[in-house]
Amino acid sequence: MLILVTGGAGFIGSHIVTALVGAGHEVRVLDALLPAAHRTAPPVPEGVDWRQTDVRDAAAVADALRGVDAVCHQAAMVGLGKDFADAPDYVSCNDLGTAVLLAGMAEGGARRLVLAGSMVVYGEGRYECSRHGVVRPGPRRVADLDAGRFEPPCPHCGEPLVPGLVGEDAPSDPRNVYAATKLAQEHLAAAWARATGGRVAALRYHNVYGPGMPRDTPYAGVASLFRSALARGEAPRVFEDGGQRRDFVHVGDVAGANLAALDGVAGLAQGAVRAYNVGSGEPHTVGEMAAALAASYGGPAPAVTGEYRLGDVRHITASSRRLRDELGWKPRIAFAEGMTEFAGAALRAG
C-alpha cells in the first residue's frame, strides 16, 4: 500500500515511517517542520516520498493524497503548551489541519484513516468509591491543589477514591485546550467516515516515550522533560507529590499499533469509527518513572516540588484489551527495559 503519514518527521511519526518501510509499504511523508518540534531538518529514510508542507495547505494536501491507499494522521501540536495564548495555534494545527486533510480525502480515493488520538480525551481516569461505586470526579479545585490535596475526592461523599483502568467507552471529559482539540479531531473523523463511507481507527496514545523525543521544549512529554533535565546535569522536577498514575508506552510499540490498525481498519464497516487505547498495561507513577530514568542515567535524584499545572489530571491509565483482542497487538518493551534504553538514547533538538 501507499500510505501517507502526516507529521511523519515528528517523534512518533518518524518511528511509524520506519516501521511501515520495514513492513514493505510505500510511504509518503507530509510535515511542516514547525519550529516547536524541529530545529533542523530530520533525516529521510531511503525511498520515502518527502513533502515539506503544512497539513492546512489544501492544494499541497490534495497533491500528497494522489494514489494514496491509507492515511496515518500524526500531525499535531502536543502537550499543554505554555499558557492559554497557545489556544489558537492548537485549534489551527490540530482541528483546522484535520478538517483540511479530511476534505482532501473526501475528494480523493483514500478511505482508510488511522488517527493519532490521545488519552487526554477522558479527562480524569476511572475511579471507584467504597460507598458510591464508579464515580466521575469533577475538575480539581485550586484551593485543594494549593494545599497539597492532589487526590480527587468522591463527588458525593468526599471520601478517597481508588483509581482504575478506563475503557474506550468511557465518557469524554477534556480538561485543557489540547484535550479539546484531540476530541474534536475524533468527531471530525467520524463525520468524514459517515459522509464518505470511510473507516477510522482512533488510537488513543498514552504517555509515549523513547528515542528521538524532542528536548528542551515546553511542548514535550514529561519523559522528555525529565531526560532533558538529566542531560543538563539537573534533577528532574516532579510536580505534585509524584503520585500521579500514568501508562508509559514505548514509541516502538506505538508504531506497531499503527501497523496493526492499518490492517484492522479495513475490517470495519463502512462509516465506522473504532477507538483503541494504546498503553503498556503497566501503570506507574510519575515519581517512579523519574526515579527509574534518573537511576538508569546516573544523574541527580528527582526533586518533588509540590507544584502543579491546572490542566493536568491526577490519574489516567487505561485498558488496552480491545487493541490486543481485536487487532492482535501487544506491547513488547517493558517499563524497566524501555527506561534503561531511553536514558542513553539521543534526543532531537526541539
Is the closest side-chain donor-acceptor distance between [X] and [Y] under 3.5 Å?
{"X": "Asn277", "Y": "Tyr122", "answer": "yes"}
{"X": "Ser280", "Y": "Asp247", "answer": "yes"}
{"X": "Gln74", "Y": "Asp31", "answer": "no"}

Could you tell me which residues satisfy side-chain hydrogen bond (donor to acceptor under 3.5 Å, both in side chains) with Glu128, sequence neighbours excluded, listed by chain and number?
-> Arg126
Listed partners of Arg232 passing side-chain hydrogen bond (donor to acceptor under 3.5 Å, both in side chains), at least two apart | Asp216, Glu234
For salt bridge (charged side-chain N to carboxylate O under 4.0 Å, His left out), just list the numbers for Glu288 and Arg245, CA-CA rounded to whole Å, side-chain angles, deciding distance to a tenth of an Å, and then say yes or no.
-> CA-CA 9 Å; Glu288 288 171 346; Arg245 287 164 54 90; over 6 Å; no
Main-chain N/O of [Y] paired with [X] side-chain donor or acceptor, under 3.5 Å:
{"X": "Asn94", "Y": "Met77", "answer": "yes"}
{"X": "Ser92", "Y": "Pro88", "answer": "no"}
{"X": "Ser172", "Y": "Val121", "answer": "no"}
{"X": "Asp69", "Y": "Met1", "answer": "no"}
{"X": "Thr53", "Y": "Ala60", "answer": "no"}
{"X": "Thr305", "Y": "Val238", "answer": "yes"}
{"X": "Thr181", "Y": "Tyr178", "answer": "yes"}
{"X": "Ser320", "Y": "Leu323", "answer": "no"}
{"X": "Asn207", "Y": "Val222", "answer": "no"}
{"X": "Arg28", "Y": "Ala64", "answer": "yes"}

Tell me who clusters with Val135, hydrophobic residues only, linked when side chains sit under 4.5 Å apart either directly or through other members.
-> Tyr127, Leu161
In the hydrophobic clustering that connects Ile, Leu, Val, Met, Phe, Trp and Tyr at side-chain heavy-atom distances below 4.5 Å, which members other than Val142 occupy its cluster, ordered by chain and number?
-> Leu145, Phe150, Tyr308, Leu310
Before giving the answer on side chain to side chain contact (heavy atoms under 4.5 Å, CB included), spell out for Arg131 and Cys157 the whole-Å C-alpha distance, their side-chain angles and the decisive distance to 0.1 Å.
-> CA-CA 8 Å; Arg131 292 174 56 189; Cys157 66; 3.5 Å; yes
Any salt bridge (charged side-chain N to carboxylate O under 4.0 Å, His left out) pairs touching residues 147-161, not counting sequence neighbours?
-> Asp144-Arg149, Glu151-Arg314
Enumerate the residue pairs fulfilling salt bridge (charged side-chain N to carboxylate O under 4.0 Å, His left out) with a member in residues 51-60, sequence neighbours excluded, ordered by first and then second residue.
-> Asp49-Arg51, Arg51-Asp63, Asp54-Arg56
Partner set under ring pair (Phe, Tyr, Trp, His ring centres under 6.0 Å) for [X], not counting sequence neighbours:
{"X": "His132", "result": "His156"}
{"X": "His284", "result": "Phe335"}
{"X": "His250", "result": "Tyr209"}
{"X": "Tyr205", "result": "none"}

Under the side chain to side chain donor-acceptor pair (under 3.5 Å) rule, what pairs show up with a residue in residues 103-113, not counting sequence neighbours?
-> none
Which pairs, with at least one residue in residues 7-24 and sequence neighbours excluded, count as a side chain to side chain donor-acceptor pair (under 3.5 Å)?
-> Ser14-Arg348
Taking C-beta and beyond as the side chain, do [X] and [Y] meet within less than 4.5 Å on heavy atoms?
{"X": "Arg227", "Y": "Leu293", "answer": "yes"}
{"X": "Pro45", "Y": "Val17", "answer": "yes"}
{"X": "Val273", "Y": "Glu186", "answer": "no"}

Group every Ile, Leu, Val, Met, Phe, Trp and Tyr by side-chain heavy-atom contacts under 4.5 Å, then state whether [X] and [Y] land in the same group.
{"X": "Val29", "Y": "Ile3", "result": "yes"}
{"X": "Val48", "Y": "Val55", "result": "no"}
{"X": "Val27", "Y": "Leu115", "result": "no"}
{"X": "Leu327", "Y": "Val200", "result": "no"}
{"X": "Val71", "Y": "Leu102", "result": "yes"}

Return the [atom1] to [atom2] distance between [X] and [Y], rounded to the nearest 0.5 Å.
{"X": "Arg175", "Y": "Asp173", "atom1": "CZ", "atom2": "CG", "value": "4.0 Å"}
{"X": "Leu268", "Y": "Arg274", "atom1": "CG", "atom2": "CZ", "value": "8.0 Å"}
{"X": "Tyr297", "Y": "Phe226", "atom1": "OH", "atom2": "CZ", "value": "15.0 Å"}
{"X": "Arg321", "Y": "Glu168", "atom1": "CZ", "atom2": "CD", "value": "11.0 Å"}
{"X": "Arg324", "Y": "Glu326", "atom1": "CZ", "atom2": "CD", "value": "13.5 Å"}

Run the numbers on Trp329 and Asp253 for side chain to side chain contact (heavy atoms under 4.5 Å, CB included), then give the verdict.
-> CA-CA 9 Å; Trp329 171 88; Asp253 288 329; 4.0 Å; yes
Run the numbers on Thr317 and His206 for side-chain hydrogen bond (donor to acceptor under 3.5 Å, both in side chains), then give the verdict.
-> CA-CA 8 Å; Thr317 57; His206 280 251; over 6 Å; no
N-O pairing of Asp169 and Arg322 below 4.0 Å | yes
